[in-house]
Amino acid sequence: MDNPSTINQEYEQELMTYSLEEEIFPTIQVAEASVKEEVNGTDVVNEIKHDGKRKLPEKQAEKKEPNNHPDSWFDLKVNTYVYVTGLPDDVTVEEVVEVFSKCGLIKEDATTRGPRVRLYLDKDTGRKKGDGLVQYLKEPSVELAIQILDGTPLRPGGTIPMSVTRAKFEQKGEKFIAKPPDKKKKKKLKRVEDKILGWGGHDDAKLLIPATVVLRYMFAPAEMRADPNLRSELEVDVREECMKLGPVDMVKVCENHPQGVVLVRYKDRKDVQKCIELMNGRWFGGRQIHASEDDGSVDHAKVRDLEADAERLEAFGAELEADL
């Protein structure tokens, strides 16, 4: 065993201390030094700044895979549409909204401010085909509509059941052409959705459903032809009276209609019912008014009394012959 005194002599105090000028570890020249690290199998040089801190390598931008072009039928990432068949031939948008809104809020069109409901028409006849598309505001409403409304008739007591399914979309043409995003339209839609979903201070806040009242026997076509100012005067009178019940979008006098029809379009369907209660059976210009809600099956502006037109043409022809 070694003598302790011998060990102390080997490691004396002078040998265990260093002068201030000496350095235990060599100093790296910061300005010229660089460190190599292996990142993902490649050598990356990390430069060292003058303050002694390393600059980390910048992360490589992750490449996003482009969306695959649909071949034929395809599903949307967020699909809020339902496709409906088995609708009556005389169905209206208002009816569809009333039934399908039981399962959730119907999305509002940012341009027309109406509900996003589309009823398909036959290209040859122009009549409704009995199918349509409804867009909800939120995706869970789609599953709820399928569970509740699929297999039931649109109208109480109806015999034709509806088929309600999640809508699928088909690519048009052989080549897929992506539409450029419309940022302004997207922001406008977002504001509309926020307004619908917002509190607003009302428990019963809901999407307004526009509807039209048909007022019959407001005038006689002969009176309209005899007085060129009657149309504008009648529009003003009807608008002033109907605005007392709610906001009015449009008043249209169908001057050639044999029943003397005036159309009044309200922003909210509940005001239509008020107008019908007020105007139906009321007397105007010696005639009793008949008021009802427009079901959209007839374009009243294009209706004419063909027999009266034929009589006027015959009378005009007789006058021309008399002058010759």
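When side chains are defined from C-beta on, V262 counts as touching V251, because their heavy atoms get closer than 4.5 Å. Side-chain contact between H290 and N280 is present, with at least one heavy-atom pair separated by less than 4.5 Å. The shortest side-chain heavy-atom distance between F100 and L149 falls under the 4.5 Å cut-off. Counting heavy atoms from C-beta on, the side chains of P115 and E94 never come closer than 4.5 Å. Side-chain contact between I106 and V117: present, with at least one pair of heavy atoms (C-beta onward) separated by less than 4.5 Å. Within the 4.5 Å cutoff, no side-chain heavy atoms of P153 are placed close to those of P88. Residues R265 and K252 are not in side-chain contact: their nearest non-hydrogen atoms beyond the backbone lie 4.5 Å or more apart. In this structure, P221 and N256 have side chains that are not in contact, with every pair of non-hydrogen atoms separated by 4.5 Å or more.
In this structure, D271 contributes its side chain and G246 its backbone to no donor-acceptor pair below 3.5 Å. In terms of modelled atom types and a separation under 3.5 Å, the side chain of Q273 and the main chain of K270 share no donor-acceptor contact. Judged by distance alone, the side chain of N79 and the main-chain N or O of E139 form no donor-acceptor pair under 3.5 Å.
Using a 4.0 Å cut-off between a side-chain N of Lys or Arg and a carboxylate O of Asp or Glu, K274 and D268 do not qualify as a salt bridge. A salt bridge links R287 with E223: the distance from a Lys NZ or Arg NE/NH1/NH2 to an Asp or Glu carboxylate oxygen falls below 4.0 Å. Under 4.0 Å is where a charged nitrogen must lie from a carboxylate oxygen, and between E235 and R231 at least one such pair does. Between K128 and D89 there is no salt bridge, since none of the side-chain N atoms of the basic residue sits less than 4.0 Å from a carboxylate O of the acidic one. In this structure, E98 pairs ionically with R269, as a charged nitrogen and a carboxylate oxygen lie closer than 4.0 Å.
The CZ atom of F219 sits 10.0 Å away from the CZ atom of R225 when rounded to the nearest 0.5 Å. Residue E95 holds its CD atom at 8.5 Å from CG of D295, rounded to the nearest 0.5 Å.
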**Prompt:** What do the steps show when you test V248 against R239 for side-chain contact (heavy atoms from CB on, under 4.5 Å), and what is the final call?
**Reply:** CA-CA 7 Å; V248 174; R239 181 179 290 274; 4.1 Å; yes
**Message:** Checking T80 against S141 for the side-chain contact (heavy atoms from CB on, under 4.5 Å) test, could you report, in this order, the C-alpha distance in whole Å, the side-chain angles of both residues, the deciding distance, and whether it holds?
**Reply:** CA-CA 8 Å; T80 59; S141 301; over 6 Å; no
**Request:** Determine, stepwise, if the pair D122 / K129 fulfils salt bridge (charged side-chain N to carboxylate O under 4.0 Å, His left out).
**Result:** CA-CA 6 Å; D122 187 284; K129 295 169 58 179; over 6 Å; no
**Request:** With side chain to side chain donor-acceptor pair (under 3.5 Å) as the test, would you mind laying out the steps for D131 and Y83 before giving the verdict?
**Result:** CA-CA 7 Å; D131 60 343; Y83 176 65; 2.7 Å; yes
**Steps toward salt bridge (charged side-chain N to carboxylate O under 4.0 Å, His left out) verdict (R166, E143)** = CA-CA 8 Å; R166 188 182 295 272; E143 290 296 335; 2.4 Å; yes
**Request:** For side-chain contact (heavy atoms from CB on, under 4.5 Å), just list the numbers for M218 and I289, CA-CA rounded to whole Å, side-chain angles, deciding distance to a tenth of an Å, and then say yes or no.
**Result:** CA-CA 6 Å; M218 294 290 293; I289 302 172; 3.5 Å; yes
**Request:** Let me see the working for M279 and L215 under side-chain contact (heavy atoms from CB on, under 4.5 Å), right down to the final yes or no.
**Result:** CA-CA 8 Å; M279 302 295 287; L215 301 176; 3.9 Å; yes
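A continuous path of ILVMFWY side-chain contacts below 4.5 Å connects I209 to L154, so both sit in one hydrophobic cluster. The cluster map of Ile, Leu, Val, Met, Phe, Trp and Tyr, joined by side-chain heavy atoms under 4.5 Å apart, puts V93 and V214 in different clusters. Two different hydrophobic clusters hold Y217 and V253 under the rule that ILVMFWY side chains link at heavy-atom gaps under 4.5 Å. Both V97 and V142 are assigned to one and the same hydrophobic cluster, defined by single-linkage of ILVMFWY side chains at heavy-atom distances under 4.5 Å. Hydrophobic clustering (side-chain heavy atoms under 4.5 Å, transitive across Ile, Leu, Val, Met, Phe, Trp, Tyr) keeps V236 apart from L234.
Contact between Y136 and G104 at its shortest, heavy atoms only, is CE2-O, 3.6 Å.
Around atom CZ of R118, no more than 12 heavy atoms belonging to other residues, nucleotides or ligands sit under 6.0 Å away. Heavy-atom neighbours of I148 CD1 from other residues, nucleotides or ligands within 6.0 Å: above the threshold of 12. Sparse packing is recorded around CE of M243, with 12 or fewer heavy atoms of other residues, nucleotides or ligands lying under 6.0 Å away.
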